[in-house]
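As structure tokens, the structure follows; a few thoughts come after it.
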Amino acid sequence: CSASTGVAGGALPREQKGAPAYCKYWCQYPDQTCIKRTGSPRHRLTAASPTSGSGSGRCAGAGVVLMAEQEEEEVGDGFWEEEGEEEEVYSPEDLKPVAPDTGGDESLRATTAEPGDQDESAKVEGSNTAHLFVFTNDKAGMGKVDKSKVNKVVYEMSKDSAYFAHASSQDKKNDKRIHDLREKLQSLSLSRRSSLASEVSALEIKLEKQRFCRRVCVVVDMDCYYAAVEMRDNPHLRDKPMAVGGIGMISTANYKAREYGVRSAMPGFIALKLCPELIFVRSHFDKYKETSDRVLTVLRQYDPHCRMMSLDEAYLDLTEEVSRRQVEETSSKANLEGGAQMELEEMASRVVAELRAKVQEASGGLTCSAGLAPNFRLAKIASDVKKPNGQCIVPFHREAAIAFLHSMPVRKVGGIGKVMEKTLKEVFGVETVAELFEKRLELFHCLTPKSSHWLLRVALAIHHDDEAKAMAEWKTAVGDGEDAAEATSFQSV
DNA sequence: GGGGGAAAAATTA
DNA sequence: TTCCATAATTTTTCCCCC
Ligand SMILES: Cc1cn([C@H]2C[C@H](O)[C@@H](COP(=O)(O)OP(=O)(O)OP(=O)(O)O)O2)c(=O)[nH]c1=O
Ligand SMILES: [Mg+2]
């Protein structure tokens with residue numbers, strides 16, 4: 001769909017420069033054929049401005065087609081979930097398990113579970129497409145899911161869709177980028193390496209000075225939040241596989257459903273194939289908001305400045321609260337036995353356990369998990385470790401922080417998604433944070449200064465609330481430092 | 001080469 | 001037989017042009 005918008009001022013839209021005359025999203029079809037919703041702001045501009053309101057978010061061409069032929073398809077008001085009730089009826093085709101796994105499953109598992117060399121050999125259709133989807137990534141409660149089976153179903157359900165075509169073409173672009181990076185990596189000479197080595201180690205020393213390990217950072221994250229609220233209000237859903245969302249898209253699923261591989265951000269019709277008994281429940285944002293507010297009230301008692309990052313996730317700094325209690329403890333205990341002050345870790349854990357109990361009470365029985373660590377990046381990762389209804393503490397000293405982080409796959413780090421994960425793996429062979437650290441010189445050689453610097457901070461387990469400020473500091477430091485030319489020379493790619 | 005600025009992509013809940 | 005969200009935020013890419 002040629003959504004040509006005469007964007008006023010500035011650069012001309014790229015379509016006018018010989019780019020393909022069709023939508024770059026899922027609609028790969030020329031002009032009016034497109035019936036797909038698109039997320040591009042430019043498309044939204046064309047679709048939304050002429051007709052007021054309805055038909056929002058579709059390509060211009062698509063809007064016409066849809067309005068003429070498919071009236072009752074949901075028009076984008078309210079939220080993304082389907083409004084009608086009739087869409088709950090599906091053909092039995094959808095319910096048929098896709099892989100009649102009888103023995104063939106074994107061989108499949110044997111071949112695909114083997115890590116390592118998936119390079120050129122395994123170009124076979126469908127074997128390696130999991131990385132195209134967000135929802136094939138690990139998630140709490142999916143430990144013993146048969147991943148190869150899930151991936152197969154996902155592939156079977158997706159392979160002919162425009163969505164899949166789009167994802168694949170994106171992936172192809174990334175492969176090119178990866179290829180370029182590999183070449184760049186080849187060009188890393190010994191002399192370059194040694195100059196990078198000194199640069200990086202200077203940076204490490206600088207960063208090391210910023211390290212502060214006695215801060216008590218806590219991330220609280222509700223367990224399968226939307227689903228938990230729905231189950232609270234409708235207990236008979238509790239022991240059944242259930243998902244919040246619609247046949248189009250699932251917001252989240254309860255643990256029972258996760259056993260089947262059903263996950264956040266998975267299209268409902270695929271989930272249904274994975275788990276034919278799956279029950280769909282529509283989302284109720286008012287309830288989630290209301291419950292979230294009640295949780296927030298509790299959290300504020302512990303940290304008045306606590307930040308709610310979404311309806312189900314909050315960041316708290318409990319340094320003060322914990323040290324206050326340590327003082328209290330010591331003074332009361334001193335009267336009796338005059339013992340030493342309670343360990344920071346122990347007191348912090350105690351406070352968080354108490355906090356979680358209060359959250360559970362205030363929210364009407366919802367459980368949450370928490371991560372405690374010297375900084376929020378670690379705390380966020382830790383909050384996932386003991387999920388559900390548990391807490392994980394990273395002891396408040398340098399070695400523990402580094403050991404914890406280095407054991408993690410890079411994908412666990414907030415900010416590293418499926419693209420960066422694949423890049424790191426295929427260019428540098430990096431899968432864990434420990435490897436990230438080992439390959440830091442290579443990273444500095446190949447990536448943008450911004451990326452490599454950020455990754456170094458990750459690898460060192462150093463994090464401050466204001467990474468942007470840290471970046472600015474670094475820029476000025478490099479600018480007036482020894483060799484500005486050096487610093488800018490690896491700006492490419 | 002690199003500044004400036006917009007579009008596109010990546011990431012997150 | 002079809003059915004793959006969305007908004008916010010941040011970074012990277014792309015293009016024009018000096
Ligand atoms: C990841 C994700 C979450 N959400 C919503 C639904 C989730 O309940 C809510 C919180 O997200 P999460 O905390 O990522 O997931 P969760 O709370 O459902 O499960 P977990 O036990 O692993 O923490 O945000 C989406 O709408 N889309 C998404 O892609
Ligand atoms: Mg959660």
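Each chain gets a letter, A, B and so on, in the order its sequence line appears, and its residues count up from 1.
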Are A/Glu313 and A/Lys380 within salt-bridge range, i.e. N to O under 4.0 Å? yes
Salt bridge check: are A/Lys159 and A/Glu156 linked by an N-O gap of less than 4.0 Å? yes
Does a side-chain N or O of [X] approach OP1 or OP2 of [N] to a distance below 4.0 Å, or not?
X        : N      : answer
A/Asn174 : B/dA9  : no
A/Lys380 : B/dA13 : yes
A/Ser251 : C/dA5  : no
A/Lys173 : B/dA9  : yes
A/Ser451 : C/dT11 : no

B/dA8 - base-pair partner by Watson-Crick or wobble geometry, distances under 3.5 Å: C/dT11
Taking a pair to mean Watson-Crick or G-U wobble geometry with both distances below 3.5 Å, C/dT1 pairs with none
Among the nucleotides [options], which one has an atom lying closest to any side-chain atom of [X]?
X        : options               : result
A/Lys450 : C/dC4, C/dT12, B/dA13 : C/dT12
A/Met249 : C/dC4, C/dT12, B/dT11 : C/dC4
A/Met157 : B/dA9, B/dT11, C/dC3  : C/dC3
A/Gln170 : B/dA10, C/dC4, B/dT12 : B/dA10
A/Arg411 : B/dT12, B/dA13, C/dC4 : B/dT12

Would you give the length of the straight line joining atom OG of A/Ser452 to atom NE2 of A/His445, rounded to the nearest 0.5 angstrom? 11.5 Å
With a 4.0 Å cut-off on heavy atoms, is A/Leu311 in touch with a base, just the backbone sugar-phosphate, or nothing at all? nothing
Taking the six-membered ring for Trp, are the ring centroids of A/Phe437 and A/His406 within less than 6.0 Å of each other? yes
Hey, is NZ on A/Lys386 packed in by over 12 heavy atoms from elsewhere, all under 6.0 Å? no
Give me the distance, rounded to whole Å, that separates B/dA13 from C/dC4 when you measure between the P atoms they each carry. 24 Å
